Number of protein chains: 2
Amino acid sequence: MKVLIIEDDPLHRSYLNEAIRAALPECDGVLEAENGNSGERLARDCKSAHIVMDLQMSQRNGIEAARTIWKERPETRILFWSNYSDEAYVRGVSRIVPAGAVYGYVLKSASDDRLKLALRSIFIESQCVIDREVRGMQQRSLGNVNGFTEAEYEILVDIALGLTDRAIAQRRNLSVRSVQNRLQQLYIKLGVYQPLGNQDDDSRFNLRARAVAVAFLRKLLNHSALERAETDLTGWLARQPHD
Amino acid sequence: MKVLIIEDDPLHRSYLNEAIRAALPECDGVLEAENGNSGERLARDCKSAHIVMDLQMSQRNGIEAARTIWKERPETRILFWSNYSDEAYVRGVSRIVPAGAVYGYVLKSASDDRLKLALRSIFIESQCVIDREVRGMQQRSLGNVNGFTEAEYEILVDIALGLTDRAIAQRRNLSVRSVQNRLQQLYIKLGVYQPLGNQDDDSRFNLRARAVAVAFLRKLLNHSALERAETDLTGWLARQPHD
DNA sequence: CGGGACCTTGCGGGATCCCGCAGAAAAAAT
DNA sequence: ATTTTTTCTGCGGGATCCCGCAAGGTCCCG
């Protein structure tokens, strides 16, 4: 059994390396990669590796790497080891995990023991391990209580990219009015909606822009999510006929 | 001489601790804080400490902590030790450094030696040390070539917060039209501007929203910058008469 | 089968945004 | 001091956004 580490911080890398050797004595080889690209390559070469990786690395972020790795070998077991439990990350991960795959998500702030336990659970016991904090986020996110539909999240991303209503309608195969309906939904859920009738109100906010702002502040969006969305978008634009 | 470490990652904290003891044998005490709040408190107590701190910590981010510390004791020497050289961070730092203060900005990716050298330069030789990469950013940012004016940056932040033209005008003491002029400037510099006349154009983008998006993608804005701006804004809103 | 909950779509209108045009005011250069 | 350059400002209009209203559609449940 081999384990592949994908993590750009050398300190964390060596810490992980030690933790793995300690927790998994049956492991006979630890590989290291310092970004998503070389990580993918190594994963391809060494067929049977389990993987521990960071999200957010500079070159190629963890989620993209994980996506391609899982696309090539869906049974790969991946433990995500991240600083944050941003909704954007959690959602990003759960969007790409293949059906029935074994994976984990533990925070870097977790204790030594928890990390080691997670390593054994995932790689030996074939059992998923999600940090309670992350799990909480996930629940809140998917459970309807104050959670966002896939549709709502999608349109949030679209306006965050700066698309017009019309462009969104085109992209999502909707009428412009429907797009606006979804936007309204979104505004309400984000608590940005202006109850109207405020005559003397100083309606200081541009709803569209404000929605994006609070989404960022709430970590519903973050840099890497935006980056992914941007590359998706340019792909779509390229496929579009030039009018 | 004492040194105060403000850094939320325990691994990095202990690494820093060792590096400091090795580089500064004349140092007779190293304190540690794991977020901006307790860092400020410690800095207040132990009057004469030099400081090494991370930007982006969860509780209270580095720039805010540094600002209050410098406000209380402008001659404090601070070494910023960060993962990133985002324009948002660099700009944030150079905005708050008091005249004549000694400080440094080195990346976590820097070598051991560079870190130690920086420690000695700043705390012993009273000399500023800015990583070349960061310095490059700074130049590009301040030099007019593809750089953003303070005014432009300011309005960028305002639309990122979701303010309307009118609200911005009020806040910055301008006419609405001037705000729009500045916006136009911004759009041009961000390469978002639409040359107009495209009849069949794919004007797929809402300029305002798109500007924010590319600013994020280029790391001209980031979460912590937005957070700071948001608290500034709510402060201002509170001071505003309620019509 | 009828009613209810939900989503989609068109229409219309008021508010906002984007921006060319051109004069006034301020700042910088000569 | 005068010219040049930049910035600020009002006006006007077309495009876009925001959203109430109302007419279908779909799906599920009794």
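All values derive from a computational prediction rather than experimental measurement. Below, read A as the first sequence line, B as the second, and so on, with proteins coming before strands; counting in each chain starts at 1.
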Detail all sub-3.5 Å separations between protein N/O atoms and N/O atoms belonging to nucleotides 21-24 of chain D.
unit_1	atom_1	unit_2	atom_2	d
D:dC21	N4	A:Arg177	NH2	3.4

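Minimum interatomic distance between A:Val93 and A:Ile63 (heavy atoms only, all atoms of both residues): N-CD1, 4.0 Å.
Here the C1' atom of nucleotide D:dC18 and the CZ atom of A:Arg182 are 17 Å apart, to the nearest Å. Atom-to-atom, CZ of B:Arg172 to C1' of D:dC8 comes out at 17 Å; the value is rounded to the nearest Å. The distance between atom CZ of A:Arg210 and atom P of C:dT16, rounded to the nearest whole Å, is 17 Å. For the pair A:Ile155 CD1 and D:dC18 C1', the interatomic distance rounds to 13 Å; values are reported in whole Å. B:Ile188 places its CD1 atom 12 Å from the P atom of D:dT7, with the value rounded to the nearest Å. When the P atom of C:dC19 is taken as reference, atom CG of B:Leu186 falls 11 Å away, rounded to whole Å. When rounded to the nearest whole Å, the span between CD of B:Gln185 and P of D:dT7 equals 6 Å. Between the CG atom of B:Asn173 and the P atom of D:dC8 there is a distance of 12 Å, given to the nearest Å.
B:Gln170 is listed as a side-chain neighbour of A:Arg204, based on a closest heavy-atom distance under 4.5 Å.
Each of B:Ala209 and A:Leu174 was assigned the nucleotide of DNA chain C with the nearest heavy atom; the assignment lying further toward the 5' end belongs to A:Leu174. Mapped onto DNA chain D by nearest heavy atom, A:Gln184 and A:Asp165 fall at different nucleotides, with A:Asp165 at the one closer to the 5' end.
A:Phe123 is linked by a ring pair (Phe, Tyr, Trp, His ring centres under 6.0 Å) to A:His50, counting only residues two or more places apart in sequence or in another chain.
Taking only side-chain nitrogens and oxygens, B:Arg166 comes nearer than 4.0 Å to OP1 or OP2 of C:dT16. Between B:Ser178 and the phosphate of D:dT9, there is a side-chain N or O to OP1/OP2 separation shorter than 4.0 Å. Dashed line: the shortest gap from a side-chain N or O of B:Arg208 to OP1 or OP2 of D:dT16 is not under 4.0 Å. The side chain of A:Ser175 places an N or O atom within less than 4.0 Å of a non-bridging phosphate oxygen (OP1 or OP2) of C:dT9.
Residue A:Tyr187 places its side chain closer to D:dC19 than to any other of D:dC19, D:dC8, C:dT16. Distances were taken from every side-chain heavy atom of B:Leu207 (C-beta onward) to each of D:dC19, D:dC17, C:dC18; the shortest belongs to C:dC18.
None of B:Ile155, B:Val157, B:Ile168 except one satisfies the side chain to side chain contact (heavy atoms under 4.5 Å, CB included) rule with B:Leu163; the exception is B:Ile168.
A:Thr149 places no side-chain N or O within donor-acceptor distance of the main-chain N or O of A:Glu152, the cut-off being under 3.5 Å.
Looking at B:Glu150 and B:Arg91, a side-chain N of the basic residue comes within less than 4.0 Å of a carboxylate O on the acidic one, giving a salt bridge.
Within the structure, salt bridge (charged side-chain N to carboxylate O under 4.0 Å, His left out) pairs that include any residue of residues 126-135 of chain A comprise A:Arg114-A:Asp131 (at least two apart or interchain).
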